[in-house]
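Worksheet: one structure, shown below.
What you see is a predicted model, and the numbers here were worked out from it, not measured in a lab.
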Amino acid sequence: MSIVIHLQESFEDLKKIFVAISHRVRDMPRFFHYALFIFAAVAVMELSVEAAVCSREIGACAASCNDICRSKYPEGGKGACQDDNCVCFFECGTEKRCNVGLGRCSSQCDDSCCAAKCAPKGPLSQGYCDGSLGPQNVLCQCSYDCS
């Protein structure tokens with residue numbers, strides 16, 4: 001919805017600019033004005049629709065990294081090896097937050113440790129230990145802004 005509002009505002013701004021230009025340059029053919037307007041509108045749409053991307057390390061790098069990521073994220077997931085780790089890249093959800101697991105929490109890694117692991121994801125990142133699967137399966141969850 002915000003993309004539509006942004007596009008509408010951009011179109012209104014472009015119309016104002018082209019009206020001002022057309023009043024100053026009356027000798028230009030009308031076709032050129034329309035062509036320029038359409039080109040600018042398409043350029044604005046291309047820049048506005050770019051999707052945000054989440055990333056998640058899933059283990060050691062392997063030849064099948066890209067295949068693993070495509071199976072975990074069938075809606076366009078891609079995998080790449082970075083620093084000997086397989087990292088999956090996938091589209092951000094509609095809520096504009098990425099939610100990824102960063103391993104297990106334990107007595108050696110509590111909430112503050114989990115938050116520190118999540119901190120490099122950005123200023124709005126939130127790392128926390130999630131015990132909803134029981135005391136033996138407390139997982140470090142990281143939620144961060146991907147807009």
Go through Phe90 and Val100 one step at a time and tell me if the side chain to side chain contact (heavy atoms under 4.5 Å, CB included) criterion holds. CA-CA 11 Å; Phe90 52 98; Val100 297; 4.0 Å; yes
Output for pair (Ser132 OG, Asn137 CG), nearest 0.5 Å, gives 9.5 Å
With a 2.5 Å cut-off on the SG atoms, do Cys129 and Cys140 make it? no
State whether the SG distance for the cysteine pair Cys142/Cys118 is less than 2.5 Å. yes
Begin from the C-alpha positions of Cys98 and Cys54 and carry the test disulfide (SG to SG under 2.5 Å) through to its verdict. CA-CA 6 Å; Cys98 294; Cys54 299; 1.8 Å; yes
So do the side chains of Ile58 and Lys72 get within less than 4.5 Å of each other, counting heavy atoms only? yes
Side-chain heavy-atom pair Asp130, Val138 within 4.5 angstrom cut-off: no
As an exercise, state the distance from CG of Leu102 to OH of Tyr128, rounded to the nearest 0.5 Å. 10.5 Å
Below 2.5 Å, is that where the SG pair of Cys114 and Cys105 sits? no
Contact check, side chains of Arg56 and Tyr73, non-hydrogen atoms, under 4.5 Å: yes
Carefully, step by step, assess Leu124 and Arg97 under the rule side chain to side chain contact (heavy atoms under 4.5 Å, CB included). CA-CA 10 Å; Leu124 300 176; Arg97 297 284 292 174; 4.0 Å; yes
When every non-hydrogen atom of Cys65 is compared with those of Ala80, the smallest separation belongs to SG-N, 3.5 Å
When you measure from the side chain of Asp110 to the backbone of Ser112, do you find a donor-acceptor pair of N or O atoms at a distance under 3.5 Å? yes
State the CG-SG distance between Asp84 and Cys61, to the nearest 0.5 angstrom. 6.5 Å
Stepwise side chain to side chain contact (heavy atoms under 4.5 Å, CB included) check, Asn99 with Tyr144: CA-CA 7 Å; Asn99 297 294; Tyr144 61 95; over 6 Å; no
Judged by atom type as modelled, is there a donor-acceptor pair below 3.5 Å linking the side chain of Lys78 to the main-chain atoms of Cys69? no
Measure the CD-CG distance between Glu57 and Asp83 for me, rounded to the nearest 0.5 Å. 8.0 Å
Among side-chain atoms of Ser143 and Lys121, is any donor-acceptor pair under 3.5 angstrom? no
